[in-house]
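Down below is the structure, laid out as structure tokens.
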Amino acid sequence: MHSFGKSVPQVFEKNWMGTSEHEAVSLRLNNPGSSDSSIEQVLSQSGLHSMATGAAGGSIRAYYIGERKDKPGVFMGELNINLAARTVNATLKSSDVSALGAFKKHFLRAMSGL
């Protein structure tokens with residue numbers, strides 16, 4: 001799990017607003033059994049934890065956060081999931097901009113089975 005305790009929303013907001021650098025990712029869900037819960041499960045297994053989700057207009061918006069293991073820092077993602085269209089559009093950010101490319105690869109690897 002993470003060490004943020006009850007301050008997860010504050011940690012997310014501070015770091016999300018603190019950087020304008022991001023990676024945009026768009027992908028298709030190829031597995032017919034993919035759902036918002038299967039997405040949450042694979043991301044949790046890869047160290048990204050759901051902190052908020054909400055549904056509106058056929059889409060699900062979900063926010064994820066994870067801690068770096070090699071040094072202090074956080075990875076964050078805002079996902080817009082459209083299960084009917086089988087698409088995920090994500091904005092990925094990191095408190096360390098130099099690690100953003102590695103985070104994108106990690107995220108895509110985690111999502112590859114969906």
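The closest donor-acceptor contact from the side chain of S59 to the backbone of A56 lies at 3.5 Å or more, if one exists at all. Side-chain atoms of H106 come within 3.5 Å of backbone atoms of S46 as a donor-acceptor pair (strictly under, hydrogens ignored).
Among residues two or more places apart in sequence or in another chain, the salt bridge (Lys or Arg N to Asp or Glu O under 4.0 Å) test is passed with R109 by none. When the side-chain contact (heavy atoms from CB on, under 4.5 Å) test is applied to A52, the partners found at least two apart in sequence or on another chain are Y63. In this structure A99 satisfies the side-chain contact (heavy atoms from CB on, under 4.5 Å) test together with R68, F75, S94, D96, sequence neighbours excluded.
A distance of 8.5 Å separates CG in L27 from CG in L114, rounded to the nearest 0.5 Å. Taking OG1 of T19 as the reference point, atom CG of L100 lies at 7.5 Å (rounded to 0.5 Å).
Residue pairs meeting the salt bridge (charged side-chain N to carboxylate O under 4.0 Å, His left out) criterion with at least one partner in residues 73-91, sequence neighbours excluded, are R61-E78. Sorted by first and then second residue, the salt bridge (charged side-chain N to carboxylate O under 4.0 Å, His left out) pairs involving residues 13-33 (not counting sequence neighbours) are E23-K104.
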Practice problem: Check step by step if side-chain hydrogen bond (donor to acceptor under 3.5 Å, both in side chains) holds for T87 and N82. | Solution: CA-CA 5 Å; T87 59; N82 186 320; 5.0 Å; no

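Linking ILVMFWY residues whenever their side-chain heavy atoms come closer than 4.5 Å, directly or via other members, leaves M17 and V97 in distinct clusters. There is a path of hydrophobic side-chain contacts, each under 4.5 Å, that joins V25 to I60. In terms of hydrophobic clustering, with Ile, Leu, Val, Met, Phe, Trp and Tyr side chains grouped at heavy-atom distances under 4.5 Å, V74 and Y64 are assigned to different clusters.
Annotation: side chain of M76 is in contact with side chain of N15 (closest heavy-atom distance under 4.5 Å). L79 is not listed as a side-chain neighbour of T91, based on a closest heavy-atom distance of 4.5 Å or more. No side-chain heavy atom of V11 sits less than 4.5 Å from a side-chain heavy atom of W16. Residues L48 and I65 have side chains not in contact (no heavy-atom distance under 4.5 Å, counting atoms from C-beta outward). Contact of the F103 side chain with the L108 side chain is not registered, since no non-hydrogen atoms from C-beta on lie closer than 4.5 Å.
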Under 3.5 Å donor-acceptor pairs involving side-chain atoms of residues 36-44, not counting sequence neighbours:
residue : atom : partner : partner atom : Å
S37     : OG   : S35     : OG           : 3.0
S38     : OG   : S35     : N            : 2.7
S38     : OG   : S35     : O            : 2.9

